[in-house]
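Here the structure is laid out as structure tokens; the discussion comes afterwards.
For ligands, and for the atoms within them, numbers begin at 1 and follow the listed sequence.
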Amino acid sequence: MTVYFDNNATTPLKDGVKKAMAEALEVYGNPSSVHACGREARLLQDMARRNVAAMFGVRSEQVIFTSSGTEANNLVLRGYFACPENLEKGSKLVISSVEHNCVHKTAVDLNRLNGVSMHMVTVDRNGIIDLDDLKLTLEKGNVGLVSIMHGNNETGVIQPLDKIVALCKEYGVRVHTDAVQTAGKVALSFKDMGVDFMTVSFHKLGGPKGIGAVIMKADIDMECHTSGGSQERNRRAGTENIIGIAGAGACTEEWQVSVDKMQNQIGPLRNKLEKGLKQLSNELYIIGESTNRVPNTTNVIVPGLEGETAVMSLDMAGFCVSTGSACSSGRVEPSRVILAHGIPADEALCALRISLGWQTTEAEVDAFLAAFGEMLGRMQKAS
Ligand SMILES: Cc1ncc(COP(=O)(O)O)c(C=O)c1O
């Protein structure tokens, strides 16, 4: 028996997605070709784009398909600052200290290669960004773009995007948000959020890997970061991944059902899990427990129990969970994101992420709690 509690890493394909992708395997035309085979592929792509657009309440032309969430984030940040008109308005990129590496490292690259300066807004112990720091940075001027994620992949903490957007609008600065971990889990209306760009990745919501999208206001100047054809309205060159796009269209089809299930069934299961875990250990604490979080995610720390050890022990018991730690030069390093919360390094090494999925059952949560209790028992005996 394998219980999969690593749904923030990726999710199993929904049945409808498998079907749509299997059908798309027969469509071999290039959507840029004008003949019948090309038109067939174009039709498939248009249908999928309409589904994705409907999920986020935008028009089809506001959806740019990319090869991943990683590429979508790169495209927005690199593409935005590659435009001389945008650079003139401001050459500073503001991000938060808890961004995914694909935003964090892109910001570092932009600084190194293109002279775009970077300011990193800090977060408090709960993972919420310091709005005063953001305001002060905007006040100082020269900010070209603010890129702050919606929900965090390691902790599930959701940023107060409404306040962030309101502040940025006050200073006339554009906002990008990485919504990879919230799309499909909480209702997202691009218009109501008020952002200018948003990133999504379909393998986090029952779709295939290797397909993401930028959702953007149609009238913003942004350079294409790949040189080549005029695909995706000149925003992203390269022949489109029609099979992946068909999967993306299918996984967004019943998005309201997914969001409702996440809120009404999976959220309560996550809460039950957290309650049970706290009963097993007095020392255990949950990062961002008192804040608004994505309903499927919990990140717990049991001081003294290293995340890597827990992952291996739980794996042997049939449970897939993860840490945010990275192995570098043979040593396990604590997650940059967990450290950013002000959690000391020895405790940050103990962070364990458990992310439930739409397929999660109560029996799985109960079985996990039993396995976790046994692991803690073994640990106590060994000490
Ligand atoms: C918050 C966040 N942004 C971006 C990404 C990258 O998405 P992809 O795996 O599609 O490259 C991830 C993936 O884990 C993520 O969690």
Side-chain angles (χ1 to χ4, degrees), residues 4-13 17 52 63-78 95-109 120 123 127-129 147-159 161 164 175-186 188 193 195 197-215 225-226 236 238 240-241 243-245 247-248 251-252 262 287-288 292-299 320-326 335-338 340-341 351 353-357:
Y4 186 71
F5 280 179
D6 197 14
N7 290 275
N8 283 12
T10 195
T11 56
L13 291 180
V17 170
V52 173
V63 177
I64 304 164
F65 285 118
T66 61
S67 68
S68 58
T70 298
E71 191 199 340
N73 281 336
N74 270 267
L75 173 58
V76 172
L77 303 188
R78 291 178 195 274
I95 65 169
S96 81
S97 56
V98 292
E99 297 302 315
H100 189 272
N101 266 345
C102 61
V103 166
H104 183 258
K105 289 190 174 175
T106 302
V108 172
D109 278 355
M120 205 148 68
V123 298
I128 298 291
I129 71 148
S147 176
I148 301 217
M149 74 194 324
H150 193 208
N152 186 270
N153 44 303
E154 293 189 37
T155 62
V157 169
I158 297 180
Q159 297 298 337
L161 210 53
I164 295 168
V175 188
H176 164 245
T177 194
D178 174 348
V180 165
Q181 291 294 345
T182 45
K185 296 177 189 158
V186 301
L188 295 184
M193 289 161 90
V195 294
F197 303 94
M198 179 169 91
T199 291
V200 294
S201 174
F202 300 97
H203 74 99
K204 310 287 187 181
L205 53 142
K209 293 164 200 41
I211 183 82
V214 174
I215 313 294
H225 75 148
T226 40
R236 195 262 180 185
E240 300 90 337
N241 167 10
I243 298 161
I245 288 174
C251 85
T252 50
M262 202 29 89
I287 303 173
N292 186 19
R293 283 177 296 148
V294 184
N296 75 317
T297 310
T298 187
N299 196 317
C320 303
V321 293
S322 76
T323 69
S325 317
S335 147
R336 166 180 61 77
V337 167
I338 305 297
H341 291 67
R353 180 184 73 183
I354 306 152
S355 49
L356 311 185

Atom 4 (C) of ligand 1: closest protein heavy atom, distance to 0.1 Å, is Asp178 OD2, 3.5 Å

Looking only at protein heavy atoms, what sits closest to atom 14 (O) of ligand 1 is Lys204 NZ, 2.6 Å

One finds that the ligand 1 atoms under 4.0 Å from a non-hydrogen atom of Met149 are 1 (C)

Output for pair (Ile64 CD1, Glu71 CD), nearest 0.5 Å, gives 10.0 Å

Is the shortest distance from a heavy atom of His203 to ligand 1 less than 4.0 Å? yes

Could you please spell out the steps behind the side chain to side chain donor-acceptor pair (under 3.5 Å) verdict for Asn8 and Thr297?
CA-CA 8 Å; Asn8 283 12; Thr297 310; 3.0 Å; yes

Rounded to the nearest 0.5 angstrom, the CG-CE distance for Asp178 and Met149 is 5.0 Å

protein heavy-atom neighbour closest to atom 11 (O) of ligand 1 works out as Thr70 OG1, 2.6 Å

Of all protein heavy atoms, the one nearest atom 16 (O) of ligand 1 is Gln181 NE2, 2.9 Å

* **Ser335 vs Thr323 side-chain heavy atoms within contact, under 4.5 Å** => no

Worksheet item: According to the interplanar angle, ranging from 0 to 90°, do the rings of His176 and Phe197 count as parallel (below 30°), tilted (30 to 60°) or perpendicular (above 60°)?
Response: perpendicular

protein heavy-atom neighbour closest to atom 8 (P) of ligand 1 works out as Gly69 N, 3.5 Å

Side chain to side chain donor-acceptor pair (under 3.5 Å) test vs Asn73 passes for just one of Asn101, Thr66, Thr199, namely Thr199

Going by the 4.0 angstrom heavy-atom rule, the piece of Cys102 near ligand 1 is side chain

closest protein heavy atom to atom 15 (C) of ligand 1 is His100 CD2, 3.3 Å

Nearest heavy-atom contact between Gly206 and Val17 is O-CG2, 3.3 Å

Within the 4.0 Å heavy-atom cut-off, what Ser68 brings close to ligand 1 is both

